Every structure is written in structure tokens, then in C-alpha cells.
Peer 1: 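For reference, the structure I am asking about is given below.
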Amino acid sequence: MSSLVEAIAKQAQLTFSRNLTEESFLESLSKLIKNVSKVRAADLRLNKDVLRTVNSGNGSKIAPVTYIEVAENPTFSMGIFVLRSGAKIPLHDHPDMHGVLKVIHGTVKITSYSALANVPSDYKLPQVVSNEKEKIQRDALIPVEKHFSGNVTDKDEPCVLKPMEGNYHEICAVGGCAAFLDILAPPYDMNERDCHYYKHLEEKTDSDIKSWLCMIPAPQEFFCNSAPYTGPRVTL
């Protein structure tokens, strides 16, 4: 009998195989989210000893974030992110991806944005954005609206991002170490779907567009270690 973790991986494979009609895809995605909502740290054998191990180290030498790969192929990736107390995954994007995130330990604050479409070409940029435009290309500035902002725990339902909804987000550990299961489809690819980082720009104006994201280099303070997966075997 397969484990819940393997069942989730197989459902992700089916959902994102791109062999489904739109209606079938939505049904399959709904089933995937339902299965992910059931997963707990114990199902992944992520216990206090494992958390203590990945969070041990000497001061600033240890990475703020540790990644544990559960499964990955060209269709999707599934893994566990463990954030040290106070650590964060900076604001970043997921180009043309779907994502499902389920907190399995602790509390994280998630702030996500969706890009706005059809911005008039003659739109006058707010001053705070114009200041950035002098330094970078226009296409590195993205008008957005806030999709979600709030604390999420293992008691909450999975968070879902889509290619056009909630595709930019920041994740911060709140009140201690935190961990979440993360599914991305398709996976990141340095050639086709590389990760980009952003800072949030906001100006209080009468304009309909009050928030922008400005692309920045990868923050130097953010880096990620890896740790071995010790949970149930996943065979696809």
C-alpha cells in the first residue's frame, strides 16, 4: 500500500502531465490539493530530531533555509523547505508555474502578488517607481496587486499559486522554525524558468496601480542548504 506522500506525488504527476483537458485538469488539481491538505510532518518523517539537525550550526554559517528533495522530474518537483527562526525566502517569482504549499510545522507569513495586465503604454509611473526606472529596464518593473498576506500554520489549507495568480511571493518564518511541503510544476529551469527576485515598491497615490515589483539581484543573505530525505519512498 502506497503512503500518502507517494499518493500525492503520483497525483501531481497526473495533474501536471499536460495530457488532460481543462476540465479534467481542474478536477485533478482539486484532488491534489485535497490530498496535500491531509499531509502532516509525521507523514514525511520530519520530526524534532530532523528539524534540530537541519537547524543546528555555528552562527551565521548555517543557511537560513534548508531544502529536502522528495521527488523531481521534468513534470514537477516536490520537496520540503525548512526555515530557521526569523529566516525568509525573499520575494521571488514562479514563471509559468503552478504551485501548492502546505505548512507542516510552525508558522509562516506569506505575502503574495499577482501581476496586472493591460497597463496603458502612456501610464505615468509614480515617482518612487520612476526613480528605479532610471537604473533598470522598464520590463524589470512589474505592476501588481496583493493576492494574499497573512500567517499560515499546519492547521490551514494549502496555499495555491497559478501562472497568473499569486505568482510572486515571500515566505517568512514566524515565532520559531517552520517547514512546508512545496510542489511546483513544471520545476524551475535555469534556461527556461529561472527564479527572479524582487523588491516591493509602493506609493500612496490616487492611481489605480499602487504597487510595483522591481527585479533585483539574488539577495546575498539568502542561500539554501540541502538535507537528505528520510520519509516514505516515492516511486513514480
Side-chain angles (χ1 to χ4, degrees), residues 1-46 65-82 89 91-105 108 110 112-115 117 142 144 147-148 152 154 156-171 179-197 224 226-236:
M1 182 176 179
S2 65
S3 67
L4 174 60
V5 177
E6 186 172 59
I8 289 171
K10 288 183 176 180
Q11 185 63 37
Q13 180 72 27
L14 172 65
T15 302
F16 300 115
S17 62
R18 302 191 182 279
N19 294 324
L20 303 177
T21 64
E22 180 64 20
E23 182 178 358
S24 296
F25 169 76
L26 293 175
E27 291 178 357
S28 188
L29 178 61
S30 178
K31 184 175 180 179
L32 173 62
I33 294 169
K34 183 177 180 179
N35 284 346
V36 172
S37 70
K38 302 175 184 176
V39 76
R40 298 292 183 265
D43 296 310
L44 294 150
R45 297 177 190 162
L46 189 73
V65 177
T66 298
Y67 181 69
I68 302 172
E69 181 183 308
V70 177
E72 182 167 349
N73 60 27
T75 300
F76 77 102
S77 64
M78 183 165 79
I80 305 163
F81 282 93
V82 182
I89 301 177
L91 184 58
H92 61 284
D93 62 1
H94 304 82
D96 299 318
M97 300 181 192
H98 284 82
V100 181
L101 181 161
K102 178 67 175 75
V103 177
I104 54 176
H105 176 80
V108 298
I110 300 177
S112 62
Y113 301 89
S114 300
I142 302 172
V144 295
H147 181 74
F148 173 80
V152 182
D154 60 352
D156 294 304
E157 292 296 304
C159 298
V160 180
L161 65 86
K162 301 177 181 179
M164 299 302 294
E165 296 179 17
N167 200 266
Y168 306 83
H169 68 201
E170 176 183 83
I171 305 171
F180 60 88
L181 180 68
D182 190 61
I183 299 172
L184 288 176
Y188 279 115
D189 182 295
M190 291 185 65
N191 296 318
E192 297 181 12
R193 291 176 300 279
D194 200 5
C195 181
H196 307 96
Y197 295 91
C224 193
S226 62
Y229 173 60
T230 60
R233 182 178 179 180
V234 173
T235 302
L236 297 173

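Hydrogens, waters and symmetry mates are skipped; everything else that's a heavy atom, side chains included, is used. Fair warning: this is a prediction, and the values are worked out from it, not measured in the lab.
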Peer 1: Looking at residues at least two apart in the chain, or sitting in another chain, which of them share a ring-ring contact (aromatic ring centres under 6.0 Å, His included) with H147?
Peer 2: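 If we apply the ring-ring contact (aromatic ring centres under 6.0 Å, His included) test to H147, skipping adjacent residues, there are no hits.
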Peer 1: Donor-acceptor pair, D43 side chain versus R40 backbone, under 3.5 Å?
Peer 2: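 Pair found, side chain donor or acceptor close to backbone of R40.
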Peer 1: Looking at CD1 of I80 and CG of L46, how far apart are the two atoms once the value is rounded to the nearest 0.5 Å?
Peer 2: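 Separation between the atoms: 5.5 Å.
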Peer 1: Quick one: pull up CD1 in I8 and NZ in K31 and give me the separation to the nearest 0.5 Å.
Peer 2: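 Reported to 0.5 Å precision, the distance equals 12.0 Å.
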Peer 1: With sequence neighbours excluded, what pairs up with E69 under the side-chain contact (heavy atoms from CB on, under 4.5 Å) test?
Peer 2: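 side-chain contact (heavy atoms from CB on, under 4.5 Å) check on E69 returns Y67, E72.
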Peer 1: Looking at every heavy atom in both I183 and A12, which two are closest together, and how far apart are they?
Peer 2: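 Of all heavy-atom pairs spanning I183 and A12, the closest is CG2-CB, 4.3 Å.
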Peer 1: For F180, what residues pass the ring-ring contact (aromatic ring centres under 6.0 Å, His included) criterion, not counting sequence neighbours?
Peer 2: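 Testing F180 for ring-ring contact (aromatic ring centres under 6.0 Å, His included), a comparison that skips the adjacent residues, returns F81.
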Peer 1: Going by the rule side-chain contact (heavy atoms from CB on, under 4.5 Å), which residues pair with S226 if we only count those two or more places apart in sequence or in a different chain?
Peer 2: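 So S226 forms no side-chain contact (heavy atoms from CB on, under 4.5 Å) with any residue.
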Peer 1: Return the minimal non-hydrogen interatomic distance between N167 and P95, and the atom names on each side.
Peer 2: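 Closest pair (atom of N167, atom of P95, distance): OD1-N, 3.9 Å.
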Peer 1: Counting only heavy atoms not in N73, do more than 12 fall under 6.0 Å of its CG?
Peer 2: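 Counting other residues, nucleotides and ligands, CG of N73 exceeds 12 neighbours.
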Peer 1: Using side chain to side chain donor-acceptor pair (under 3.5 Å) as the criterion, list what pairs up with H98, not counting sequence neighbours.
Peer 2: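 So H98 forms no side chain to side chain donor-acceptor pair (under 3.5 Å) with any residue.
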Peer 1: Going by the rule salt bridge (charged side-chain N to carboxylate O under 4.0 Å, His left out), which residues pair with E6 if we only count those two or more places apart in sequence or in a different chain?
Peer 2: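 If we apply the salt bridge (charged side-chain N to carboxylate O under 4.0 Å, His left out) test to E6, skipping adjacent residues, there are no hits.
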Peer 1: Using the ring-ring contact (aromatic ring centres under 6.0 Å, His included) criterion, which residues pair with F148? Sequence neighbours excluded.
Peer 2: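 By the ring-ring contact (aromatic ring centres under 6.0 Å, His included) rule, F148 matches no residue at all.
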Peer 1: I'd like to know whether K10 forms a side-chain contact (heavy atoms from CB on, under 4.5 Å) with L236, so could you lay out the CA-CA distance, the side-chain angles of the two residues, the decisive distance to 0.1 Å, and finally the verdict.
Peer 2: CA-CA 6 Å; K10 288 183 176 180; L236 297 173; 4.0 Å; yes
Peer 1: With rounding to the nearest 0.5 Å, note down the distance linking CG in L161 to CD1 in I110.
Peer 2: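 Separation between the atoms: 9.5 Å.
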Peer 1: Which residues pass the side-chain contact (heavy atoms from CB on, under 4.5 Å) test with S30, not counting sequence neighbours?
Peer 2: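 S30 satisfies side-chain contact (heavy atoms from CB on, under 4.5 Å) with no residue once adjacent residues are dropped.
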Peer 1: Which heavy atom of P158 sits nearest to which heavy atom of V100, and what is that distance?
Peer 2: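 Between these two residues, the closest heavy atoms are CB-CG1, 3.9 Å.
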Peer 1: Could you tell me which residues satisfy side chain to side chain donor-acceptor pair (under 3.5 Å) with D93, sequence neighbours excluded, listed by chain and number?
Peer 2: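 Checked D93 against side chain to side chain donor-acceptor pair (under 3.5 Å); matches are H196, Y198.
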Peer 1: Any idea which heavy atoms bring P187 and P74 closest together, and the distance?
Peer 2: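 It is CD-O, 3.4 Å.
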Peer 1: Could you go through V5 and Y229, starting from their C-alpha distance and side-chain angles, then the distance that decides it, and tell me whether this counts as side-chain contact (heavy atoms from CB on, under 4.5 Å)?
Peer 2: CA-CA 12 Å; V5 177; Y229 173 60; 3.6 Å; yes
Peer 1: Listed by chain and number, what are the side chain to side chain donor-acceptor pair (under 3.5 Å) partners of S24, not counting sequence neighbours?
Peer 2: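 S24: side chain to side chain donor-acceptor pair (under 3.5 Å) contacts with T21.
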Peer 1: Restricting to non-hydrogen atoms, name the atom on V234 and the atom on A9 that form the minimum distance, rounded to 0.1 Å.
Peer 2: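 That would be CG1-CB, 3.5 Å.
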Peer 1: As an exercise, state the distance from CG of L181 to CG of L44, rounded to the nearest 0.5 Å.
Peer 2: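 Spacing of CG (L181) from CG (L44) equals 5.5 Å.
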Peer 1: Would I142 and Y168 satisfy side-chain contact (heavy atoms from CB on, under 4.5 Å), going step by step from the backbone distance to the final call?
Peer 2: CA-CA 10 Å; I142 302 172; Y168 306 83; 3.4 Å; yes
Peer 1: Between atom OG1 of T75 and atom CG of L14, what is the distance when rounded to the nearest 0.5 Å?
Peer 2: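 T75 OG1 to L14 CG: 10.5 Å, rounded to 0.5 Å.
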Peer 1: NE2 of H94 to OH of Y188: how many Å apart, nearest 0.5 Å?
Peer 2: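 Answer rounded to 0.5 Å: 3.5 Å.
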Peer 1: Going by the angle between their ring planes, with limits at 30° and 60°, are H92 and H169 parallel, tilted or perpendicular?
Peer 2: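 Perpendicular: the ring planes of H92 and H169 meet at over 60°.
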Peer 1: What residues form a side chain to side chain donor-acceptor pair (under 3.5 Å) with S28, not counting sequence neighbours?
Peer 2: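 S28: side chain to side chain donor-acceptor pair (under 3.5 Å) contacts with Q11, T15.
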Peer 1: Considering residues at least two apart in sequence or located in another chain, which fulfil the side-chain contact (heavy atoms from CB on, under 4.5 Å) criterion with D154?
Peer 2: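 Result, side-chain contact (heavy atoms from CB on, under 4.5 Å) vs D154: K102.
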